[in-house]
Each structure stands twice: as C-alpha cells, then as structure tokens.
Amino acid sequence: QYEPLLVEKDRTRVEIDESPLPEDLTRDDLELPDPSEPELVRHYTRLSQMVYGIDSGPYPLGSCTMKYNPKFTEDVASLPSALVHPDRSEESIQGTLEVLARLQEYLEVIGGMDAVTLQPPAGAAGEFVGIRVAAAYHEHTDEGQRDEVIIPESAHGTNFATAALGGYDVVSLPSDEGGRVDLEALEAALSENTAALMLTNPNTLGLFERDIETIAEMVHDAGGLLYYDGANLNALLGRARPGDMGFDVMHYNVHKTFATPHGGGGPGAGPVGVVSELAPFLPEPRVRNADGGYELFAPEHSIGHVHGYQGNWLVLVKAFAYIARVGDDGLTDSSAKAVLNANYLASQIEYDVPYGPFHHEFVASAGEQDAADVAKRMLDYGVHPPTTKWPEIVPEALMTEPTEIESKETLDQLAAAFNAVAEEGAEILESAPERTTARRIDQTSAARNPRLSWHALEEE
Amino acid sequence: QYEPLLVEKDRTRVEIDESPLPEDLTRDDLELPDPSEPELVRHYTRLSQMVYGIDSGPYPLGSCTMKYNPKFTEDVASLPSALVHPDRSEESIQGTLEVLARLQEYLEVIGGMDAVTLQPPAGAAGEFVGIRVAAAYHEHTDEGQRDEVIIPESAHGTNFATAALGGYDVVSLPSDEGGRVDLEALEAALSENTAALMLTNPNTLGLFERDIETIAEMVHDAGGLLYYDGANLNALLGRARPGDMGFDVMHYNVHKTFATPHGGGGPGAGPVGVVSELAPFLPEPRVRNADGGYELFAPEHSIGHVHGYQGNWLVLVKAFAYIARVGDDGLTDSSAKAVLNANYLASQIEYDVPYGPFHHEFVASAGEQDAADVAKRMLDYGVHPPTTKWPEIVPEALMTEPTEIESKETLDQLAAAFNAVAEEGAEILESAPERTTARRIDQTSAARNPRLSWHALEEE
Amino acid sequence: MNGLHATGSPYAPHTDETLTAMLEAVGADTVEDLFDIPEAVQYDGEFGIDARTERETRQLVRTILQRNADLTELLGRGQYGYYVPSVVDHLSNRSEFLTSYTQYQPEVSQGFLQALFEYQSLLVELTGLSIANCSMYDAASALGEAATLAKRVRTTSGHRVLIPELLSEGRRSTLENYVEGTDLTVETYATADGNVDLEALEEAVDETAIMIYAENPTIRGTIEEHLAEIGAVAADADALFVLGTDPIALSLLQKPADVGADVVVGDASVLGLPASYGMGLGLFATRESYLRQVPGRLVGASEDATDRRAFTLTLQTREQHIRRERATSNICTNQAWVALRTAIHAAALGPDGMIELAKRGVTRAESLAADVDALVGVKAPVHDRRHFREFVAHVDQPAKAIADDLERQGFAVHVVGEHELQFCVAGVTDDELDAFVETLEEVL
Amino acid sequence: MNGLHATGSPYAPHTDETLTAMLEAVGADTVEDLFDIPEAVQYDGEFGIDARTERETRQLVRTILQRNADLTELLGRGQYGYYVPSVVDHLSNRSEFLTSYTQYQPEVSQGFLQALFEYQSLLVELTGLSIANCSMYDAASALGEAATLAKRVRTTSGHRVLIPELLSEGRRSTLENYVEGTDLTVETYATADGNVDLEALEEAVDETAIMIYAENPTIRGTIEEHLAEIGAVAADADALFVLGTDPIALSLLQKPADVGADVVVGDASVLGLPASYGMGLGLFATRESYLRQVPGRLVGASEDATDRRAFTLTLQTREQHIRRERATSNICTNQAWVALRTAIHAAALGPDGMIELAKRGVTRAESLAADVDALVGVKAPVHDRRHFREFVAHVDQPAKAIADDLERQGFAVHVVGEHELQFCVAGVTDDELDAFVETLEEVL
C-alpha cells in the first residue's frame, strides 16, 4: 500500500487575474493539488485504510481511554439544528444552550463539583483554565505570593507544561515505594508558595491515592488548591468523585471518559469543574438557567476567555448524547468493566506488573526488552500496543488500558500478542514491524532533516 | 487479513419463554450471533476493508458502467422527509411524488420516450416490464399469435432469461462480420410470430448499430416491437436517443448511467420508457401531474404490478439528484469522456481489439491467454479487471468500460496492468492472484459441495 | 478541480491538456469524431435540464421532499418503519460496500461475500430451511419467483397457484405477472376471520394445485393458527407450501420448517431499512432438495489456493449470465446492499433483541387494540385472533373521514373498508401511541 | 446483544459467563473487590441520569436542538458558515480517521499522517512561510501561542504585545490569558477607518514591543491596505509581525510572506467545518528559523526500513510529553480531524475554486453593501475600504431593534454599535441575500 501525495498526482498553478481587487491587495498566484472528485475520494479512502482506529481492533493505550465511539453520537452532532453561528442571539439558540447547560449539570454531579465550564477545547486547555482559576483565586484572596505548583513525577506531561505556561515554578514530587504520593515529600514540598497540587487519581500506575483525604488536608492547610487531572476518571465513574475527595478544581476529558472520538489527535474537550468558591473565576461566557430558558453570563471575577468562543461544540454535543444514553447504570458499569478488564489482562500476560492494586490501567515492565521495540512488534500481531516508556518509575514501561469495551476474547488476543513478543529476541524486535503499511520509520532522519511540506520534499 | 464469522465469535441460543402467545403459535428457540456493538462495528469494518469498490480504484467492467457515485446523493436519500411509508395518502407525500414525476420527465426526454414507469427495481425487471408490455400490446391489438422474441447472440444474458420468463421462445440472431446485427439473418428471423427484437445499442462490442433505422423498419413491418436494452446508454447521452432510432420500449439502468451505487450487486432501478401507443399498458400505479399537484393512477390497460410498491425509491431519488446536478452539459459530456476514455485505453494496451469503431467500451482478446486468468492476474496490479469471456464472439474476451470518471493517469495505470499481464506466462497467470485478501478460490469445490450457511459449515 | 464554475460533467477529470494528449493518442481531432452515429439518428436537441451546484441540488431535493407531510405512521400491511440503529447506516455506507459491484472477482470481494453468507445463514436459522438466496427484489417478486420454482420442481400436471383472498394488491398482481408467461393460473381461496379458511382451502386443493401460499402474520395482522394443517394439505396434494413472513415475525412465531413450509418468502428489510416508500428486500428460502432450481444468487464457502476458507458466488450455472433462457430466473442486479443492512441490524439486536422486538409486536398491538376498543364508536380488533404488530378496527363512522381527520392531526393510518381502519405499532413509540389514542378519541 | 433491555453499559460486551471466568482468573469474587477506594471517599449516591435507548437519546437531542430558531445567518466576524461539500463529511467520517489516536505509532497511521502533511503543505503554500503545524485549537489560542513564541524567540528585553483596538473579545481575552503567566503585556493600538492606523502604530512601537498583531481582513470586513508597512515597522523594531487571516482570504489576498509576516494565525476551519457554534481550527505557520520553537505537532517526511517514503510526527522534543515544563506549549490533544476536513475541502475546491470563492467574497459583499446603501436610512459600507465577505452598515434607527425585527423575519445579523450592523455573505445564497435586502427594507 502506497499512496502518492495529491500534489504529486495533479496540481495547477492559477494566476490571480480578473480580480475584483487592485493588484497590490492580492497575491500573484496559487499552486495547489487539483484532483477530480473521484480521485479525491480515492485518495482519502486509501489513506483511511492506512490508519488503525478503534474500529480496527483493541487500542490499549494507557492514560488515553480509547473507548468505542458510538455511531449515533455522530448523527446527533450533524443535525442541521446543531450547526449555528456562535454570535447568534441567546433567544435564537435556546437548544444549543440547553444542551450545554444540561451537560454542565451532568458533569457537576459526576465529578461532585459545584460549577462547570465547557469552554476548554482539550484536556490541556482544561488544565490551563484550572491553573488560571487557581491563580486568579489566590490573587483575589491572598496577600502572599504563591508561585509554585507541585506535581508528582509520574504525572502527565501536560501538567508540567501547563503550570509553566501559567507562570508557575514546578515542584516535582517523588513517589513512595508503593507508587503513590510520598506524604513526607509532600510535606516538604508544601509551603506558603504553594498555589496548587496537581494530581491524577487513580494515578498513572492505575493506583488509587489512598491517602487522598490526608493529602487534601495538607494542601488546604498550606493554603493551596488541589487539582484533579481527569484523564483517569473512567476508573471511578459512579464509585468516587473528585469533589468528595477534597479536590477544588478538575478537568474532564470527554474524549476519554465520555467516548467522543479522538479524531487522530483531536478535537477533544476539557470541561473544568470547580467548588463554589472558585466558580466566580471561571471563564466567560457561561450558560445558566434563567426564566425557564437559558442565558449566557460572565462570572463575577472571570478570568475571561480561553477560546475564541465556547470550545468544541461538536464534541460536547456527542458527550451529552453519550451520557444521556448510558445513564447512571452505564457509567457505573463502565468503571466496573474497565477495572475488571485491566486486571484480567494483567493476569494473562507474562510481563511483570510491579505496582498494584491497579484500577483501569496497569504498567507492566518489558524487563530486558526495549518497551518501544515491544510495541513495534505487537503491531505485527495485528493489535495496537500500549503506551510505552512512561511512567518512568517502571523500567521499560508498558502502560496498558483496555477500557470496558473489550471482550474477554479480545483481551485474550491482546494477551497472546504480549506473550508472543515476550518470547522473542532483540533482533526480531528491532526489525519490527514487518507486517504493517510502513516498516520501522527513521525518527532521527525526520528530525535531523525536517521535511514538513511538499515544498520541502521538492527542494530535496 | 481474515475475519471469522460473527457466529464463530459469539452466539447465544435463546429459548422463547414468557411469550405473550400460546406455545403452539411460537417457535422454541433462536440461536444467532450476539456481538457487542464495538465488536459488530469491527467485524463489518474489517469486512468492508476486504472489498474493492469504485472508491478503491478503476473498475472497468464492460457493460456495467462503474461510475463514481457522488457522495451528496447519499445525503439527499437519507433526508428524513425522504423516508415515508408507501401506503400514505397522495396528499401527504406530494414531495415524493414530485421527485418521481420529475425523474420520469427527465428520463422521457433523455431517452426520447413518451412515458416512463419507475417501478422496475432493476434492469432485468425493466426488461420484464418491457416484454410484458409488449405482450399485452400484442394481445390487445393483434389477432395473430406472437410467441417469439429475437435476441442477438451477443446480448446480455438477462434478455434471454427475461424473454423466457415472459413465455416467449427465443430466436437467437447471429452477428455479421463487423459484429453488428446481420440484416439478412434478421430478415430470416422475423415473421408474424415475432413479438419483439431486443437490442442494445451500442452493442456489447461497443459498436453502434448503424442500420438501426432499417432494423426498426423491418421489425415494425413484421408487426414486432423494438426493445432497447439501456445497459449501454451512457455511450449516447445527449447524442442519440432510442426513441429517435425507432425503439418502442426501453429500460434505463440508473445504477449504471445515472451513477447510483451498485451496492455489491444491488439495489438498482430499471425504469421503462415507451412510445405513446404502449403507455396504456405500463404498470400501475403511475404518477402524473394533476391540479398543480401530483397523483397516482392506473393506466387504462395496465399490466398491473411488477413490484409490491413503486420500486427502489432510495435509488430513484439518487438518480434524480444526479441528473439535476449534472444537467444537459454534464450528461452530454459524460458520453464524450466515456467514449474518449475507452478509445484512449484501447490505444494503450497490447491486446488486440478486433471490432470497432467502438464507443464507451471495447472488447479486447487475450489471444493465447485465458481471459479469466488475465483478470485474476490484473488484481495483483491493484486494479479491477474487465469483464471476461464475454461476448463470445471475441475469443478470450476482455470487455472493458472505463467510464468517463477515469483520468488519463488512471487509464495509463490500467494500461500498464494490462500490458504487464500480457507479457506473463501461463504459470504466473494460473497461480494468480497472489497479492489479494484471498488467493484463487476453488469454484468447483464450492459448487460440488455447497455450504451456503454457517449451519452447513458446522455440519462438515 | 471544478471549483464553482464547472462545465461538462463535474465528475470527469479531464483537463484541456490531458484531453489533447488523449485525442492525439487515438488519432482524433475532436471527441465528436469518435462517435459512429448516422446523422439521421443524431440528437441535436437539448434536454432542458439545467446543471446545478451540489449545494443547489441538495437544496432542490430538500425543498421538494419537504412537501411531504410530517406524519406519525401507524402503517404496516407488509412494510414496516422500525427504528434502524445508527450502526446500520454507518457500516453499510462504508464506501467499499456501497460502491462495489457483484462479487464476480471473489478474491477482492471477500468482505461482501462473507456478509451475504451471514445474511443467508440468518435466514436459514430463522426459517429452519437449509437454503436461502442472497436476495430478491421484494416480497412480491419473491412470491412470483416461488411460483416459477413450483412450476419447475412439481412434475405433476398441476397449474393452479392458490393464494388467500386477503392479500396485498402489489403481491397478487406481481405474482400474476410472473406466471403470465407460463400455463399457471392464480386463484384465491377464502379466509375466515382473518386466517386461512381451512375447509375452503381443502376444498380448493386437488391434483391440479401446485402451490399454496399463505402468510403469517396475515396482511390484517392476525397470527395464522393453522400453519401445520396448511402444510399437511399441501403435502397431501404434492403442492408446494409457500409461506410469506418476515424476519421479525420469524423471531417469535412458528418456524416454517416445523409446519412443512417448502419455501419462505417475504420482505426481509423490516430489519435494515426505515420506511423507504416500499423499497424492500425479497427473502427467499427453501429446502435443500430444490437447490439447483433456486432463483437468485447464492454465496457459498470454499477454499482458496492456500486452503484457507473463502467465500464465492456459487452454482452460477442456474443464472441468466450463464444459462440464458434456461436460467432459474432473469434476476441479475438484486438487493445485496439491503441484505447487508439486514444482517447488520439483526446482529445489532442479537437473538434477545429480535425476540423482544417480536414480543412487543404482539403486546403493543393488543394493548393498542384494547385502548381504541375502549373508545365509543370503535370495536377492535375486528378479528377474534391473536395479532402481530397490527390489527383492524371497526369504526361506526365512515373510515375515510376519520383517516382524513387523523391525517390533519398528524397521523397516518390505513383505510381497509368502509368502516374499517388498520393500525400498526411497528416503529411507533409509546408516547406516539398515547397521543394517537387521544387524537382518535377527539376526531371520532 | 443488548437488545432492547440492556442494563449496565450498552457498549461493554461482558456476558455473565465471561464475567465469571474473568473474575476467577483475577481471583476476585466480585468486580467491587477490585476497587481500592477508602470507604470514606466512596460514592454511594446516584447521579439521577436515566439511561435511554439509542432512539430515545437521538429523539431527546433532536427535540432540544429544535428549540434553535431556523435563521439565515449573515454572520461572520471570524466564524464563517461556508457550504461544505458532501465529500468532506463522507471522507472525514471514515471511521479509521475518526476513531484513531494521535499518530504515536506511525507505522499504522500513515494515512492520517499523510493527510496532516498535506494540510501543513496547504498552509505553507497559502502563507508563503515554510513551517505550519498540524493544528492548534482555534484562532484565539493560536494567537496566544504566537505571543509565547515571540517571548521565546525575541531575546530583547521587550514585553509589549500590540494588538488592534478592533479585535474580537474572544481573541483578545484568550491572548491575555496566555500571556498572564509571563511578563508580557497586551496593549492596543488605534485603527483608522477599519484599517491599522499606521501613524498610531509607529508611535506605539519601540524597543519594548516584541510582537505586532494585525488582521487581514479585519473583524469589520475591511481589507488591510498597509500590510507591507506594518511588516516594515515590526522588522525595524525587531518585533514579530503576527498576521491573523484564514485560508479563503489567503487564496486571494496578499501572501503573508510577501509582506514580512513572521507568524500567521487564524481559523483554518472556514474550510472544512460548517458553522459549529465557534468550534474552530487554529492555523499556525511561521518561518523556518523558528522551527525548534514552534508550538504544536509537526508531521515530517522520513523513510522506513525499506527506504520508502513514510511520514511521522517529528521534533517531538518540543512537546509536553517529552520536555514537560520546558515544552513550547502545553497542547496535547489538538484539532487533527478538523485539519483533515480542511485539507479535503481545499482539495475539493482546488486552486481555482478557492480563488473563485475568495473573489465572490469581495464582489458579493460589495454588491450587498450597494444594495443596502440604496435603502433609506442605511449607509454602507461605513468604512471607505475594500471589503472581504462582510461589512459594517450605519442605520439611522437603533441597530438592536432592527436586528430583533430581522430575527423575527428569519435573519441573524451582528449588532456592532448603537447604529451599526454588520452583514456577512459567506455561505449565504444569492436568493437568500435578495430576500434579506427585501426584508431589511420592510423592517426599516
């Protein structure tokens, strides 16, 4: 399978002439691919066939929660009435506002939070809102200077990057022997400079932070806020809520927990929930009930916008439909089956899983093997491999999250792939994959000699 | 690539219990596949990836007119307002009736016919209507007994089968040296027993029947009717009309000429057009304008129904949309490019093309090679092969129809595949294909030991 | 490439440059030179069909179709508007399925062949018969094909095809067209209170009968209580027992093989298609002994050159493209894509879901009958039978007037007699049924 | 399997049988035993969210959304509802694209990587800059990222980010949030008759300015006439010239590289997405020299082990999952699928189609301006500039009241001043514009 670039098949350079504008306001020409509709369709159809998606097979990427994306949610998102301009009057888009308001309520009760904004267009954007809200809150209430955010070593990379983007110094927190927050280290890290502790629970090893109440108390005693990274919320649905654990701010990854498609990297949505004290700082505009209808408003001390409008609407409406479909029972069952699946899969593979008891995901160690090579080799067995080499606390980590949608049969197939690779030698692993569209791709060449457009390829 | 049967993955036998009906009115149990929605989606997604469609690449099946199926036609066919029950009152489905009435008008003017019925659900069903209308006409107007239908040897198999289904004896007509109707043979075949001559024009060799006016006169003089098989209408769009050539009845294959998808074998639609003398015999109900609206009616001497309702509506609405989109210019351009493409492709391949000048399709001869093997081997070059071994007038026939949608580049790619295979020996050809999902499939075993359901497989 | 100002076909890819190169290659000055059409039959008129942009075309069709009234349809009588799960659309619209041709090159069509094999298997399980083809056009044409099968497999001198007097016009008339070219004749037998009148049938059957057709459920929604007896009558007369039904009914009602059915026909698109103005899917299943006489395409399992299981069209020597005038049917293009949808819908429901849907067809119809029977001026059901999915109600006022009133209030129902209406619950939600009963009460 | 009466997640495949087997394998009696949650923080409440069937859920969402009024939108100001060809939906909804993750395993993601590479190439061609990332969230966040890029690449002591006083609230406010964690400050400069006030800008710029932002077309639809001069001012001050625009505007208007732009940002989803309540696609292109400081993902060409060209995410050491707090951005999930749609839409139009669409943005806006200017009580356009796609009109009566009247008649327009309305022609058909002018005349 190989498909040329469109521009390699058919291109046209068009001069700008007979323009309604004077020449000095226009460009000279434009050279772009120029396929017929049949050729365009074939091109992208072929490209699609060179992509592995959830509909192709298991996709056990740890921390990514690759669930099945129900087809009907696509249908509701493409209803003509769903497609309105963001500058419409509130009166004329009561339907849109109602979906948003009801989704906010869903997320509030699911997370145990008092108020939710849907504006952040992704998880990292949600983190940013959380950090900005924390900053605004401290600025508003504190005299003191709080310029540090504490983050466990094993946390998602976005936590660090977000804290830095928010202007904070990052204080990195080591894990204890069991893979959880080290309370002594936390004690040492906390100070009057602490703005927040960002935590994922269960953490990236799949472990529940059992001392969460103590942690919350410690952070609060130091005057800091406790931030919940929602990447792993699927483990807890219906069984525990961040709000009940003492978290002050959290984000939800609706493209993980609420089954909206990942779309090859996005769009997602990263709504943020907060306790009532923080609600006045949320981004504007927010949606609320008013007089039997819905309206937009600006919270009193709003941090302003973090997106040009209201975020990724098409993703939000799918998440609303998903939650409305599965309801309490479905949500609670999701976490049960997600945790069962992770435990079952771990029990069937020969790689060592050093930390537990884990929930929706586990981190195995490839031991003497290179985890990245293991992943490449798993591709040859027709399955998608886990996330690799992270968290670093586990050597040659294979971070695995099957989610609730996989059957025992599929998990057995995945385990067979793990176990087949576990038996194989370095030579085979290093030359893997062999049965994929492309063979192992040279990353060094790509980075050393960046060719980022067809123009760059043609200059070669 | 291999995908088990659904039933091999997951099945459930369910007893009928707690039934609202007494036991003697119900079955005992039902055993069927029982996949989860994610598994169902993966199953059919994988199956789809094991199918070659128009969106995969060129599909030059002679006589099949495998055109690109414009995506937007799918959108209009799935409009909620398109989906109504056939027993609705006429007043409440004026939209549906209008689409049908306007499509009838389009087809009338395109074919040069006076009246059109849209009821036949496929080309062969259209032929059947044509033959039944002819029979009813003769019965109504003739005293004589007309029990023969004349069909050229090179005609589509459906012509023969349809005439037989209509109760007629088939008189087979040999071709002349040039591959066209042999006028002397026709003269000999015509008699007072002749009900009709069924003709495709251009014929299956792609040749226009130049003597069509003479043929029409001869048939009419004998008291017979002239039937036009619309399979090859794409060659003539906007350039010649069956009605102007003296044809009395014709069918249109909208899934060929008007770009509706073939759907792996169907549904299609085979509307039938007739001259005014035959209109009273068309199937009921028909649609007509009435008082600024539309109504259904039964023609005076209608043959009755040939379908439970009004045929394949979802196909008809796509055909209407296609014609409304491309208009006069698009239709006329289609035949131009279809003929150009066939001629260009023929000029680029090394196989001999014995008959011409051909139009939208040509029949090459594989010569010493087995045409069926040539086709299998072409699959290895990533393209779909032509229709093979038919018409038999050309030894080892490769009947090729690229249609107007292929670009010169794609035609060159097709020619390269033809020419590569032309150079290859019997051994390679006989073991082809090698690069497909399945290798050469044993037809004899399939027919000798028919296994037509999973039940049969399990009994083995 | 066609941007906003295309001329010619928007789907033809030729540029001026490639056009010139291609004409040169074929040695023609213009494309017109390639046409070999005598001047006398050339067409130089215009169709008068304006080309439109894609957007304008969509708008045009949408505008026309919006002239359809938005009604809640309590309509059935052979066509049902069940809810079709979203996966059916999404999967069947995968363009490899949608844009492929009949599987004459099985090596690149395995996916579709397997889907059709699974469809055939579904029907085998539902009917209990061992052979099902991979589609006919609709229930009516399948019935017609059943008669021609009867003609081929019954060597007796028989010529009579017996059908119930209660039968849809489309089916009866299509059947008559199918047998018009044979010496077969179609005759009706009487029904009693919505079911087959067994005595009348027995009287009608003699050695000249080659086929008996009955339906379960019947067109008036009654469940046929005498299937086994009808089977016995047919067997005694050496006539083919052809049973008309559908996959949802078959999920709950008696298995055709258990009552002696030789052929099962019907509309399989009750699973897979929403109400589509009568577009259907002809179900056709029969006994193994008639295998070589079956009309329509069959998909069979086989092996490929590496001995792996593979699927292919088989027994093609029955078909028109091989056997011409001696073919078992003239069918070529069939309803393959609808069969794919039916298979997907069935798998989405699973056996539990199918049985449940069938049970609800009984309970909801009978519950609606009770609800309308409670209204003054209505008696329902008319027939003292068990009902499936629909039933006939007697109304004291003229039925047509009530139906018209209901239509104005947003409901479509069948008028089946001067004082008879027919109501169907398939695809109608409970809320809609409640609203219907309320509205009916108002318009009475 | 879930039929009509599922409990639990309708998407989890477990049967009682497999559940038991799996629990046995992990040595647990119940699934609850697998949870390691201290009792004190266990949740034993209920969310109160009823489960619904798929059909009911679709009905629910449809019912809610139908509360949106059906209006013809003459709305723009950064978001445009162009017609999106049907192929864009059909191809981008191919489930391999839609349901895949970020391409961290490029060997099984070549198709998406190539599509993103083609998207990047499209932007390189449109902007004339050599680097484009494969998406940011939207125009506002891309602007924010541009400011942080300016901070990283400008080693001067500067801290001032200059933006036009005419700028959408969403963009200004988002930018301010992005720079809140830095020492940068955002300041506005004056505009003159809808364009940049060059003199005011020159005055505002000194050695403390590290970035100048301007838009073309501007939020009020005027075409900026002084791009080259702005570029020169920025270059002189060693400030980054960041230009806000979009792919359709770029098809006709000056090429950013030609006027000295260092970074181009904007909403690329004008191609590819219909009006989606503000959902967008952040366009981000810049000079090659800033390559190592670019935020967001980059797809590059490389070779696989057989030396065939292959695509991969590259320069990932800039990103958060590798570099953590020293990353060039915190972005992880981006808008890849929208970028795919944009690439498809652009290819469907081709260069001709894109230029034509852009030209119509000029001619149709100017023609509408002339039409409404002819009405008593309207002066349009307010600005004595050339316009692209939209323009501001002065109305003698209160603008809000007119807008309300128009809305009642089925048209949505922007109110941008007490006596100013803004009208946009993007995606509005000629017939709709005619009807609009008529209606405007009526409500005046």
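This one's a predicted model, so the numbers in the text were calculated from it and none came from an experiment. Proteins come first, then strands; the chains are lettered A, B, ... in the order of their sequence lines, and each starts at number 1.
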**OP:** Flag the one option from B/Glu409, B/Glu284, B/His43, B/Arg13 with the top tally of heavy-atom pairs under 4.5 Å to chain C.
**Re:** B/His43

Original post:
For C/Thr314, is it the side chain, the backbone, both, or neither that has a heavy atom closer than 4.5 Å to a heavy atom of chain B?
Top reply: side chain

Subject >> Test item: side-chain donor near acceptor, B/Asn341 and C/His14, under 3.5 Å >> reply: yes

Subject >> Residue part contacting chain B, namely of C/Val87, when any heavy atom lies under 4.5 Å >> reply: side chain

Original post:
Yes or no on side chain to side chain contact (heavy atoms under 4.5 Å, CB included) for C/Leu291 and B/Leu452, after CA distance, side-chain angles and deciding distance?
Top reply: CA-CA 10 Å; C/Leu291 175 60; B/Leu452 307 181; 3.6 Å; yes

Original post:
Which heavy-atom pair separates C/Leu65 from B/Ala82 by the least distance, and what is that distance?
Top reply: CD1-CB, 3.7 Å

**OP:** Side chain from CB out, backbone as N, CA, C, O: work out which of these in C/Val41 comes under 4.5 Å of a heavy atom of chain B, or both, or neither.
**Re:** both

Original post:
Between C/Asn68 and B/Thr96, is any side-chain donor less than 3.5 angstrom from a side-chain acceptor?
Top reply: yes

Original post:
Measuring heavy-atom distances to chain C, does B/Arg132 have an atom under 4.5 Å in its side chain, in its backbone, in both, or in neither?
Top reply: side chain

Subject >> Per-residue contact mode, C/Ala139 against chain B (heavy atom under 4.5 angstrom) >> reply: neither

Subject >> Interface moiety of C/Leu60 toward chain B, non-hydrogen atoms closer than 4.5 Å >> reply: side chain

**OP:** Check whether the side chains of B/Glu404 and C/Ser9 place a donor and an acceptor atom closer than 3.5 Å, and report yes or no.
**Re:** no

Subject >> Contacting region of C/Ile223 [heavy-atom separation from chain B under 4.5 Å] >> reply: side chain

